[in-house]
Amino acid sequence: MKIRTIALAFVAAFALLSCGKNDDTNPDGEGGDASRQLAGKLIYTFTGNVYQLDLTTNQQSVLFTYNTYGFNNWDMSWDEQFRLTSEREGGVFDVAKITLVRNEDGAIVDEFDYDSPYGTDTDIAAFLSPDNTKVAYNPTFDNGIVITDLDGNLIVHLESVNVSQETVAFGISDEVLWLPDNSILFTLNDRYILKSDPPYTSLSLVKDMPYTLWGNLRVNKQGTQLSMMVSNHIYVMDMDGNNLRQVTESSDGEIHADFSPDGKHLLVAKKIGPTFFYWNLAIVPNDGQVYNMDNSEDVIIIKPEGETTLPAVDGSTFWIE
């Protein structure tokens with residue numbers, strides 16, 4: 001199903017909008033006992049390795065490795081049983097290879113070539129739906145939001161949105177993510193957060209975001225909250241667009257934040273160095289308060305047992321059970 005432009009519910013919503021506007025002693029909060037009071041595993045990526053950190057033991061191990069040549073991104077399934085990878089194949093210039101892998105044994109469950117509706121998108125980010133049956137792709141220069149099945153067959157191609165009788169196309173900085181009920185949440189024109197329910201033929205406005213710098217949206221497992229970066233710090237918002245509130249502050253900056261499985265904590269990617277190419281990880285409570293990432297005693301800096309330096313991260317991060 002190709003959808004060139006969606007207006008419908010969004011036009012009505014927009015009419016209303018237009019009326020107004022480590023160690024065990026843990027001296028510095030690093031790893032150790034503080035993190036062992038938490039449950040689950042942290043998953044983080046750096047230069048060809050995907051690591052997992054058991055929060056109960058503070059022990060780090062390698063979950064899997066990948067060839068950095070041609071690698072685009074990887075995504076964890078909502079049930080944590082699979083991972084989905086996107087990569088560019090050597091000598092292939094018109095499709096991207098999408099692979100579904102079982103985490104337990106590394107077996108390939110499904111694999112297909114993604115052939116975008118327009119152009120030759122090979123540098124593409126792919127995300128697995130909560131029911132493990134569909135794949136959503138971030139917008140590119142040639143295409144808006146695309147959804148396929150696990151054979152690569154086109155389900156939806158959303159190219160643009162009708163905003164107040166003006167057709168607005170997606171940009172490469174726009175994002176798409178799945179919600180627990182297989183709805184999609186996405187950004188448009190660096191200004192709006194929108195939501196579309198299956199079968200993705202209408203949409204609604206979640207939030208107008210009149211900020212110069214914002215993005216990197218994440219959703220909690222319960223589908224009730226979003227986290228995002230706003231002006232280099234982490235904010236949390238209810239799914240209905242209400243109660244946007246700041247969570248972190250610092251002299252530097254934070255990139256994004258993943259929710260813990262129960263939604264009560266946030267795994268925060270902290271800025272490291274003069275650029276955003278690499279970052280460290282820390283945990284803060286998700287309790288409505290603002291935490292200073294520079295000196296708050298409640299900030300748990302992630303440092304695996306036996307490591308002398310903090311993990312550097314440059315790719316996907318997750319907090320799983």
Steps toward side-chain contact (heavy atoms from CB on, under 4.5 Å) verdict (N286, Q225): CA-CA 10 Å; N286 179 26; Q225 282 190 317; 2.9 Å; yes
Could you check Y137, F170, Y192 and say which one makes a ring-ring contact (aromatic ring centres under 6.0 Å, His included) with F186? F170
Go through it in stages, so that I can follow the logic: the residues are L128 and L100, the test is side-chain contact (heavy atoms from CB on, under 4.5 Å), and I'd like the CA-CA distance, side-chain angles, deciding distance and then a yes or no. CA-CA 9 Å; L128 188 63; L100 184 67; 3.7 Å; yes
Are the side chains of V313 and Y51 in contact, using a 4.5 Å heavy-atom criterion? no
Would you mind listing every salt bridge (Lys or Arg N to Asp or Glu O under 4.0 Å) that reaches into residues 92-101, with sequence neighbours excluded? E87-K97, K97-E111
By ring-ring contact (aromatic ring centres under 6.0 Å, His included), F318 pairs with (sequence neighbours left out) W74
Can you list, pair by pair, the side-chain donor-acceptor contacts under 3.5 Å of residues 289-296, counting residues two or more places apart and other chains?
residue : atom : partner : partner atom : Å
Q289    : NE2  : D287    : OD2          : 3.4
Y291    : OH   : D287    : OD1          : 3.1
Y291    : OH   : D287    : OD2          : 2.7
N292    : OD1  : D294    : N            : 2.8
N292    : OD1  : N295    : N            : 3.4
D294    : OD2  : S251    : N            : 2.7
D294    : OD2  : S251    : OG           : 3.1
S296    : OG   : D298    : N            : 3.2

What are the two closest heavy atoms between Y118 and H157, and how far apart are they? CE1-CE1, 3.6 Å
How would you list, by chain and number, every residue that makes a ring-ring contact (aromatic ring centres under 6.0 Å, His included) with F112, sequence neighbours excluded? none
Kindly check if the number of other-residue, nucleotide or ligand heavy atoms within 6.0 Å of CD (Q222) is above 12? yes
Listed partners of H233 passing ring-ring contact (aromatic ring centres under 6.0 Å, His included), at least two apart: none
For F141, the rest of its hydrophobic cluster, which grows through side-chain links under 4.5 angstrom: I172
Scan side-chain atoms only and decide if D142 and T140 contain a donor-acceptor pair under the 3.5 Å cut-off. no
Checking side-chain polar atoms at under 3.5 Å, does D262 have a donor or acceptor matched by the opposite partner on S260? yes
Of all heavy-atom pairs linking F64 and R83, the shortest is CE2-CD, 3.3 Å
